[in-house]
Amino acid sequence: MVHSAGGTGEVPGAAARAAPAAARRPHVLVVDDDDNVRQFARAALSAAGFAISEASDGWAALAAIRRQGMPDLVLLDVSMPTMDGLVTCAELRRLPGGDSVPVVAMTGPGDTRSIERAFAAGATDFVPKPIEWVVLPHRVRCTLRASAAISKLQRNERRLSNAQRIGEMGDWEWNVREGRVSSSEQAWRIFGHAGAPRSLTPAQFFAAVHADDAQRVSQAFDDAVAHCKGFAVDYRLQLAGGVRHVQQQVEVAARGPDGRALRLAGVVHDITRRKDDEEQIRRLAYYDPLTGLPNRLLFAERLERAMAQAKRHGRRLAILFVDLDNFKRVNDTLGHRAGDELLRNASARLASSLRTHDAVMRAGGDGNTDFTDFASLAQVEAMARGLPRPPKAEQDIARLGGDEFIVLLTDVESPNDVVQVAQRLVQTLAEPIVVQGTEVFVGGSIGIAVYPEDGGDIDTLLMNADTAMYRAKAAGRGGFQLYDRSMNARALDRLHMETRLRRALERDEFVLHYQPRVDVVSGCIVGAEALIRWQHPERGLLLPAEFIPLVEDAGLVVPIGEWAIETVCRQSAAWRAAGLSPVPVAVNLAATHLRERGLPALVARALARHGVPARGLEIEVTESILLADPELSVSIAQQLAAMGVELSIDDFGTGYSSMSYLKKLPIAALKIDRSFVRDLESDPDDAAIVSAIVALAHSLKLKVVAEGVETAAQLAFLQSVRCDEYQGFLTSRAVGVAEFERLLRRRAQIEGLLTDQGARAPLVL
């Protein structure tokens, strides 16, 4: 039977417990089979301001709690029929919220066994019978206060534990006199211990400290105890799951009269994640993400230290500046993805060509990489096997950017040592490299500078090695050059040329010269090729060989090609306006142009702007374009052909032709490279190649144009194999606008000059 303090029979429930403390009275559930005990308890506690509910046995008490909520305190008789207080207390603790409700057991006088059993069942406190009713309210109030304090402490401990878990940190305390360490749960787990935290000796608690850091950490603790001074230290823990990094802050919690620490308090923070992030940031800062090699920044640091050591010990070192010769061609032809693959393969080729003890600067992966040091292949292998680390390597390689690499050689005995390495690298790069399943020949040019002869600081040494590399390229590529002082003048000249070149387009310093294209049989001028010249304000007229390499390096190939299309269209319109009958003019475009989606629209605008028919403009590209995104190239070529602009393949026979795309592309003509025409009279192989190209082209219904025709004998051979057209010095070199106008005006006269053999006599200007 259940009774309330007001006689309504209702127990204040969860809603009452949830009300603000100032607006409600604490609720006490009195459970006893003795009606008198319940009445006296209600009277004493009600007078003291408590809300009272009653239950005559354990079943009734549990039913009321399930129905109406948990009280603030339970006053529970131990000895009751049906379900005694011990069982009731144990069941109460299993209910939601029952683990934190204070339970005061009512026991018989001197019944210590019942008291012990009550505590074992989960009782918070006890009062013996007969109960002193005047004292009971004070006992209940104290129990509630203690329970509230304990609950608050538990909440705070949970919050602290959660905060430590989230922040990956924990705390511990070392009783120096007793030689025992106790810790929070998170600190216990950070140090690699399993199970519940317990007291351990310092040696046991800190057993996971990494062997390489143990002496340093032990010394810090010894100093803290001896000198009563806190410290902070970072070190590693060797755990079953791998190496972890921690940061330790230690303070003195108590000190003895002798000045030594009695207790140390520490906070440990797992900073592994931060260390990993720092390592990643440093890897991004110091290593090239494409090749895995060190970048310019890391190499500069290494070079600076190497130069300092060389100066201190009176030694030499050398740097080899390596530049891939045909990277741009492959990149433009096959695309950037192929270019990236080429760089990765080339860097691996360079690294593997060094001796096994040569250093290859790559990012480490164990979290302990010294980012200002280098690991050789032999060192990496030794560390992986747990063997002693070999001496530091003598050669390092890094990627400076683009297609440029640099190798550092320390302890150079003689220039011959450097030459041998350079020869080995050149030979390595001369071998074909597979890119996207295709073998390409890249090659490399190397410039060499030696410290201290060729530079006493990093900038000078790098600049002179770079200068020597450009000299190696100018000498024919695929070789190496040792720096000498005379190169500075040439390098300065190149710099001035490149600087001037960037302004040449806007200053209208480029001009086009035109070389006529002649029908092999009739001798008629049937077309022309526009060839660029640079009217240098100081050096006069420069041929393409003198500046086109600079144009490519400066990234001006595309804008100059667009300028050429515009200029040819404008000039054709001018000739037509002057009453001349202009011939189709071909413009050479770089391989990248036929991958420019805007090219057809650009050509259409230029033709429309100057009123030039589409047949008046032709586009020439090298056959390497057939490998450069062929599907896109076919699409753009078809758009040009649809508007009437003819497409020709220049320098045919010198590249890597794809016959399938040769059929798909709307090509009008093949131009035989001058290298096959030059020795037609003396080399049977050249004669056979020219004959084969003509036959191939005619079978595909294409015209054939031979370049570089200089003699009547060459012309006679071309006539014999039924080549369609030619161009070369036999008729005219490339000439300026005025001279080409003279050719057009004398066109009828030229066509009337026949030789006895039926061929036209060549015009010589």
Side-chain angles (χ1 to χ4, degrees), residues 99-100 116 119-120 122 146 149-276 278 366-368 386:
D99 58 340
S100 60
E116 292 174 356
F119 280 122
I150 292 172
S151 296
K152 183 177 180 180
L153 179 61
Q154 290 174 340
R155 288 195 300 271
N156 290 338
E157 287 180 346
R158 283 195 297 270
R159 291 194 187 101
L160 177 61
S161 179
N162 288 335
Q164 290 186 349
R165 178 177 51 81
I166 294 171
E168 296 182 306
M169 61 191 306
D171 64 283
W172 53 263
E173 186 173 280
W174 179 353
N175 188 315
V176 178
R177 180 175 295 172
E178 296 179 1
R180 307 296 292 181
V181 177
S182 57
S183 74
S184 67
E185 181 178 357
Q186 189 62 24
W188 180 261
R189 303 201 181 282
I190 287 176
F191 281 100
H193 301 297
R198 63 184 186 276
S199 176
L200 295 177
T201 65
Q204 293 171 325
F205 187 78
F206 297 106
V209 175
H210 197 285
D212 293 343
D213 298 336
Q215 183 175 358
R216 176 168 56 91
V217 175
S218 177
Q219 185 62 50
F221 276 112
D222 290 344
D223 292 344
V225 172
H227 305 295
C228 214
K229 184 178 180 181
F231 66 91
V233 63
D234 291 2
Y235 55 92
R236 292 164 294 169
L237 299 176
Q238 184 66 63
L239 304 176
V243 174
R244 307 291 292 179
H245 294 265
V246 297
Q247 187 177 69
Q248 182 77 70
Q249 183 76 33
V250 179
E251 297 292 340
V252 176
R255 66 186 65 199
D258 59 354
R260 293 174 62 85
L262 296 179
R263 285 202 320 276
L264 297 179
V267 175
V268 62
H269 186 194
D270 188 333
I271 58 172
T272 305
R273 187 178 304 173
R274 190 186 78 189
K275 285 286 188 179
D276 290 343
E278 290 174 354
D366 61 355
N368 302 316

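In what follows, every heavy atom counts, from backbone to side chain, and hydrogens, waters and symmetry copies are set aside.
- With rounding to the nearest 0.5 Å, the separation of CG in Leu200 from OG in Ser183 is 7.5 Å.
- For the atom pair CZ (Arg180) and OG (Ser199), the distance works out to 4.0 Å, reported to the nearest 0.5 Å.
- Remark: the backbone N or O of Asp171 is paired with a side-chain donor or acceptor of Ser184 at under 3.5 angstrom.
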Verdict with reasoning, Ile271 to Asp234, per side chain to side chain contact (heavy atoms under 4.5 Å, CB included): CA-CA 9 Å; Ile271 58 172; Asp234 291 2; 4.1 Å; yes
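- Considering only residues two or more places apart in sequence or on other chains, Glu178 meets the salt bridge (charged side-chain N to carboxylate O under 4.0 Å, His left out) condition with none of them.
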Side chain to side chain contact (heavy atoms under 4.5 Å, CB included) assessment of Leu264 paired with Glu251: CA-CA 6 Å; Leu264 297 179; Glu251 297 292 340; over 6 Å; no
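- Contact detail for Gly230 and Val252: the closest heavy-atom pair is N-CG2, 4.2 Å.
- Counted within 6.0 Å of CZ on Arg274, heavy atoms from surrounding residues, nucleotides or ligands total more than 12; the atom is thus considered enclosed.
- Panel note: side chain Trp188, backbone Ala194; a donor-acceptor pair is recorded below 3.5 Å.
- Side-chain contact check for Arg236 versus Asp212: some heavy-atom pair is nearer than 4.5 Å.
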Full working for side chain to side chain contact (heavy atoms under 4.5 Å, CB included) between Phe205 and His193: CA-CA 8 Å; Phe205 187 78; His193 301 297; 3.8 Å; yes
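- Looking only at side-chain heavy atoms (C-beta outward), Arg263 and Trp174 stay at 4.5 Å or farther from each other.
- Atom SG of Cys228 and atom CG of Asp258 lie 9.0 Å apart (nearest 0.5 Å).
- We find that Arg273 and Asp276 are not joined by a salt bridge, their nearest charged nitrogen and carboxylate oxygen being 4.0 Å or further apart.
- One N or O on the side chain of Thr272 and one on the backbone of His245 form a donor-acceptor pair closer than 3.5 Å.
- Within a 6.0 Å radius of CZ in Arg255, other residues, nucleotides and ligands contribute 12 heavy atoms or fewer.
- Of all heavy-atom pairs between Gly179 and Pro202, the closest is O-CD, 3.2 Å.
- In terms of the side-chain hydrogen bond (donor to acceptor under 3.5 Å, both in side chains) criterion, residue partners of Thr201 (sequence neighbours excluded) are, by chain and number, Gln204.
- Looking at every heavy atom in both residues, Ala261 comes nearest to Ala224 through CB-O, 3.9 Å.
- At least one side-chain heavy atom of Val246 sits under 4.5 Å from a side-chain heavy atom of Val268.
- Ionic pairing of Asp270 and Arg244 is present here: one or more N-O contacts between side-chain nitrogen and carboxylate oxygen are shorter than 4.0 angstrom.
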Chi angles and distances behind the side chain to side chain contact (heavy atoms under 4.5 Å, CB included) call for Gln248, Trp172: CA-CA 11 Å; Gln248 182 77 70; Trp172 53 263; 3.0 Å; yes
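- With hydrogens and angles ignored, the 3.5 Å screen pairs no side-chain donor or acceptor of His210 with any backbone N or O of Val243.
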